[in-house]
**Student:** 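For reference, the structure I am asking about is given below.
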Amino acid sequence: MAAVGTWSFSRPAVEKTMSMLLAGQNATDVVETAMSEVEDDVDTGRHIVGRGGYPNFKGVVECDAAIMEGLPGRFGAVAALRGIAQPCRVARKVMDRSPHSLLVGEGAESFAQELGFISEPNKNMLSDHTSTAYQEFLEKNKSVVSGHDTLGLIALDLSGNITVGVSTSGAPFKSPGRVGDSPLPGCGLYADHTVGAAAATGDGDKIMCYCPSFHVVQLMRQGSSPNEACQAVLADIQRRIRGDTCFEIGLIALNIKGEVGAASSVEFPYTFWKQGMGSVEKLVLNQASVDKSKN
Ligand code: SD4
């Protein structure tokens, strides 16, 4: 049993994951529940997740979320979803109850409503913090918000099932309808029950061009440790963009042995727990954590 989450604010989700895994719950229920608590918490919205997230340039919060099990074909996602404070729960329903894998915009909202989710007015999705930031954005006509958080969470349960979830309100003040890397399989997340799983965070407009989560899992399949795989994928992106400054990207990975790894182009805290550890640990990668001499 093990769990890993992106950024420091994933700690409560990884702690919840730890207690649910220790109670014998399965990885998918654990990821859905642990993520939904963070999504619904207005205070963590400033980390670009769920309720309290930053709106698009029209002032409307639009969320992307996805969940993927390691078993073949088990994936569900929503994108540009409005008014629902726990988008990862809707993504789970897409995986379990829809013939489709990814629903967007109004269609995703109608699907959620049909399954009993309450669609809330947009004002409920904003916090004081993000409303103020939006006013400043309108006055200055440019975003004063930098950084790209996203909640990514991977859980490995007692039976060896591995599930990864991601959730974000996306780039602050984005164009309405903009979708990032998070709900795209292979980009924001990927899982294979014979190998492990990975998740990405950062500038999704760029991340989606490289399918980094799929790449990490394929390298683990070929024998790399999670850390080697994450580092190699980041190094490959850096090599491909040559001398250009790398966009913001953080990667986490967990294999089915419960080993963790990460890589990042910026300072990147993440949180981790595995069976035998008494509590969740925070690890921090410093910027430029790639050894370029090996590439
Ligand atoms: C995205 N990777 O939508 C996500 C979250 C984010 O600024 O960081 N947005 O691009």
Side-chain angles (χ1 to χ4, degrees), residues 6 32 35-36 38-40 42 44-68 75-127 130-131 133-134 137-138 143 145 147-152 164-189 199-209 211 213 248:
T6 52
E32 179 190 347
M35 299 226 1
S36 68
V38 176
E39 290 176 317
D40 209 358
V42 75
T44 48
R46 70 181 67 196
H47 297 293
I48 314 188
V49 177
R51 190 190 297 285
Y54 291 92
N56 64 24
F57 79 59
K58 294 245 165 109
V60 181
V61 177
E62 291 186 336
C63 294
D64 299 342
I67 193 160
M68 190 170 202
F75 171 77
V78 288
L81 174 64
R82 299 176 170 198
I84 310 265
Q86 299 182 330
C88 195
R89 285 206 189 277
V90 186
R92 166 88 189 264
K93 289 279 192 266
V94 173
M95 178 171 80
D96 286 347
R97 305 277 291 274
S98 166
H100 309 299
S101 292
L102 169 61
L103 295 177
V104 307
E106 275 176 30
E109 192 177 345
S110 313
F111 170 81
Q113 286 167 339
E114 277 160 27
L115 288 169
F117 286 86
I118 309 285
S119 197
E120 300 185 47
N122 186 56
K123 66 175 169 45
N124 290 12
M125 296 296 289
L126 291 162
S127 65
T130 48
S131 298
Y134 180 59
F137 165 73
L138 290 179
S143 174
V145 179
H148 301 267
D149 299 359
T150 286
L151 178 61
V164 53
V166 288
S167 184
T168 182
S169 52
F173 320 125
K174 62 193 175 184
S175 297
R178 177 266 189 191
V179 175
D181 61 305
S182 301
L184 306 180
C187 298
L189 74 172
T201 174
D203 183 348
D205 295 299
K206 303 284 189 317
I207 291 172
M208 69 167 74
C209 304
C211 291
S213 296
E248 185 176 318

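Numbering of residues begins at 1 and proceeds along the displayed sequence. What you see is a predicted model, and the numbers here were worked out from it, not measured in a lab.
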**Student:** Determine the minimum heavy-atom distance between Pro183 and Pro185, stating which atoms define it.
**Tutor:** O-CD, 3.6 Å
**Student:** Answer yes or no: is there a donor N or O on one side and an acceptor on the other, between the side chain of Thr6 and the main chain of Thr150, under 3.5 Å?
**Tutor:** yes
**Student:** Walk me through whether Leu151 and His47 qualify under side-chain contact (heavy atoms from CB on, under 4.5 Å).
**Tutor:** CA-CA 8 Å; Leu151 178 61; His47 297 293; over 6 Å; no
**Student:** Quick check: does any side chain N or O of Ser213 sit under 3.5 Å from a backbone N or O of Cys187, one acting as donor and the other as acceptor?
**Tutor:** yes
**Student:** With no hydrogens and no angle check, is any side-chain donor or acceptor of Thr130 less than 3.5 Å from a backbone partner on Leu126?
**Tutor:** no
**Student:** Taking all non-hydrogen atoms of both residues, which atom of Phe111 and which atom of Ser98 are closest, and how far apart?
**Tutor:** CE1-CB, 3.8 Å
**Student:** More than 12 heavy atoms of other residues, nucleotides or ligands under 6.0 Å from NZ of Lys174: yes or no?
**Tutor:** yes
**Student:** Go through the steps to decide whether Arg51 and Glu120 satisfy the test side-chain contact (heavy atoms from CB on, under 4.5 Å), and finish with yes or no.
**Tutor:** CA-CA 10 Å; Arg51 190 190 297 285; Glu120 300 185 47; 2.8 Å; yes
**Student:** Roughly how far, to the nearest 0.5 Å, is CG of Asn56 from OG of Ser175?
**Tutor:** 8.0 Å
**Student:** How long is the straight-line distance from CD of Glu109 back to CD of Glu106, given to the nearest 0.5 Å?
**Tutor:** 7.5 Å
**Student:** Just checking Gln113: does its CD atom have more than 12 heavy atoms from other residues, nucleotides or ligands closer to it than 6.0 angstrom?
**Tutor:** yes
**Student:** Rounded to the nearest 0.5 Å, how far apart are SG of Cys88 and CG of Asp40?
**Tutor:** 12.5 Å
**Student:** Could you grab the distance from atom CZ of Arg97 to atom CD of Glu114, nearest 0.5 Å is fine?
**Tutor:** 10.5 Å
**Student:** For Lys58 versus Tyr134, what's the shortest heavy-atom pair and its separation?
**Tutor:** C-OH, 3.1 Å
**Student:** Between Arg82 and Glu62 (salt bridge meaning N to carboxylate O under 4.0 Å), is one present in this structure?
**Tutor:** yes
**Student:** Would you please test Val90 and Leu81 for side-chain contact (heavy atoms from CB on, under 4.5 Å) and show each step?
**Tutor:** CA-CA 10 Å; Val90 186; Leu81 174 64; 4.1 Å; yes
**Student:** Flag the pair Arg89 / Arg92 as yes when at least one side-chain heavy-atom distance between them is below 4.5 Å, and no otherwise.
**Tutor:** no
**Student:** Using every non-hydrogen atom in the two residues, find where Phe117 and Gln86 come nearest and quote the distance to one decimal.
**Tutor:** CE2-O, 4.4 Å
**Student:** Measure from the side-chain N and O atoms of Asp181 to the backbone N and O of Asp205, and report whether any donor-acceptor pair falls under 3.5 Å.
**Tutor:** no
**Student:** Taking side chain as C-beta onward, heavy atoms only, is Pro172 less than 4.5 Å from Ile48?
**Tutor:** yes
**Student:** Measure the OG-CE distance between Ser101 and Met68 for me, rounded to the nearest 0.5 Å.
**Tutor:** 9.0 Å
**Student:** Under 3.5 Å, is there a donor-acceptor pair between the side chain of Asp64 and the main chain of Ala80?
**Tutor:** yes
**Student:** Please tell me if the side chains of Phe75 and Val94 come closer than 4.5 Å, counting only heavy atoms from C-beta onward.
**Tutor:** no
**Student:** Between Gly50 and Val61, what is the shortest heavy-atom contact and its length?
**Tutor:** O-CG1, 4.2 Å
**Student:** Between Glu39 and Ala65, what is the shortest heavy-atom contact and its length?
**Tutor:** OE2-CB, 4.2 Å
**Student:** In Å, rounded to the nearest 0.5 Å, how long is the span from CD1 of Ile84 to SG of Cys63?
**Tutor:** 9.5 Å
**Student:** Please verify the inter-ring angle class for Tyr54 with Phe173; under 30° counts as parallel, over 60° as perpendicular, anything in between as tilted.
**Tutor:** perpendicular
**Student:** Please evaluate residues Asp203 and Met208 with respect to the criterion side-chain contact (heavy atoms from CB on, under 4.5 Å), reporting the C-alpha separation (whole Å), side-chain torsions for both, the decisive distance (0.1 Å), and the verdict.
**Tutor:** CA-CA 9 Å; Asp203 183 348; Met208 69 167 74; over 6 Å; no
**Student:** Within a 6.0 Å radius of atom CG on Leu115, are there more than 12 heavy atoms belonging to other residues, nucleotides or ligands?
**Tutor:** yes
